[in-house]
> 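Okay, here's the structure, questions in a sec.
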Amino acid sequence: MSGQVIFESEEHKVILFEELTPSSAVQANQYLIIHKGEGVLLDPGGHKVFSLLQSDIAKFLPPKKIKYVFLSHQDPDIVASLNGWLLITDAEAYISKLWLRFLPHFGLERHVEERVRPIEDKGTHIDLNGCELVILPAHFLHSPGNFQVYDPCSKILFSGDLGASLNQPYTVVENFEEHLKYMEGFHKRYMASNKVMKLWANMVRQLDIEIIAPQHGAIFKGKDMVNKFIEWAENLECGVDLMNENIYSIP
Ligand code: FE
């Protein structure tokens, strides 16, 4: 069984599932937030993750108690299992309005489509049984219609692909400098530009964050580690900053 509790109080719990991805697929984290007996599932993943996650979640919460499914963006490792989740729950799903009409291509059935809610560019709030989750804009980090979730009850920022690391042999970052090699290549290629990194850093510095929890790889725990990550991201040249004539030349 999988599922690590990364935050727990009397009314509130956050669980990380990090080992359900098949070995040939890029590792992906799924998160479940539970507040007073109701849940939000974040970035549920692909088809192969679905059946495993379904039974592992049941150990923490009956799947019927999942009220919302949040999709940070449109990638298959996030969205592909959505139809399954909407069939076994009465949940509403949230995704950027940019991707709404792309979802039926993932096999979304007609009768569950009406439970998908488009998020406007400026973001929104989701009320989980009294805990107000903040849906923050994070466009172009990396997807053009991209959101992150700040949970004020656990002080965790769920950062989607931002902060992702690949093939690191641990779940919690211990040494930030050592960790860079697992995330540098991904961020330089997938994140759109330093301009949006800076905008993001300015926005999230206004929040009280204890953990940054990305959709791939290890989590950043504690204010010191969180600040180190924000500072690194803020100063990273990436995406279009690194494009030049050598790359844009006819092969
Ligand atoms: Fe992605």
Side-chain angles (χ1 to χ4, degrees), residues 16-32 40-50 53 68-85 93-108 116 118-119 121 123 135-150 156-168 171 173 179 182-197 199-201 203-204 212-220 229 232-233 236 238-243:
L16 157 65
F17 302 88
E18 44 98 26
E19 53 192 48
L20 302 178
T21 323
S23 59
S24 62
V26 63
Q27 185 277 340
N29 297 327
Q30 299 81 42
Y31 296 97
L32 176 68
V40 183
L41 180 58
L42 306 182
D43 289 346
H47 296 296
K48 299 232 166 135
V49 173
F50 176 64
L53 185 58
Y68 308 101
V69 177
F70 170 81
L71 309 159
S72 61
H73 61 292
Q74 82 291 4
D75 277 345
D77 56 325
I78 286 163
V79 173
S81 66
L82 181 61
N83 193 61
W85 285 105
Y94 281 79
I95 191 166
S96 161
K97 65 176 182 183
L98 267 64
W99 305 122
L100 197 64
R101 308 229 319 128
F102 291 69
L103 293 182
H105 286 287
F106 277 120
L108 209 62
V116 184
I119 313 171
D121 276 350
I135 311 301
L136 296 161
H139 308 305
F140 297 101
L141 297 172
H142 66 91
S143 165
N146 199 111
F147 292 94
Q148 300 180 352
V149 176
Y150 176 67
I156 299 176
L157 175 67
F158 299 92
S159 58
D161 276 339
L162 188 64
S165 51
L166 301 172
N167 303 320
Q168 85 303 335
T171 315
V173 179
H179 186 63
Y182 299 112
M183 53 174 193
E184 209 155 25
F186 176 82
H187 285 77
K188 282 183 171 172
R189 188 64 179 84
Y190 281 77
M191 297 301 146
S193 79
N194 180 255
K195 177 179 177 178
V196 275
M197 290 293 230
L199 290 169
W200 174 82
M203 176 181 67
V204 299
I212 291 180
Q215 191 237 339
H216 307 279
I219 65 174
F220 302 87
F229 177 75
W232 175 77
L236 187 74
C238 55
V240 293
D241 305 330
L242 303 175
M243 291 294 125

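Whatever order the structure lists ligands and atoms in, that order sets their numbers, starting from 1. Keep in mind that what you see is a predicted model, and the values were worked out from it rather than measured.
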> Does any non-hydrogen side-chain atom of His179 lie less than 4.5 Å from one of Phe220?
yes

> What is the distance from atom OG of Ser143 to atom CG of Leu98, rounded to the nearest 0.5 Å?
7.5 Å

> Below 4.5 Å, heavy atoms only, C-beta onward: do Pro44 and Phe50 meet side chain to side chain?
no

> If we only count heavy atoms from C-beta on, is the Gln168 to Met183 side-chain gap below 4.5 Å?
no

> Near the Fe ion (ligand 1), which protein N/O/S atoms are found at less than 2.8 Å?
His73 NE2, Asp75 OD2, His142 NE2, Asp161 OD2

> Do you know the tightest heavy-atom contact between Asp161 and Met191?
O-CE, 3.5 Å

> Once you measure the plane-to-plane angle for Tyr190 and Phe186, does it fall in the parallel (<30°), tilted (30-60°) or perpendicular (>60°) bin?
parallel

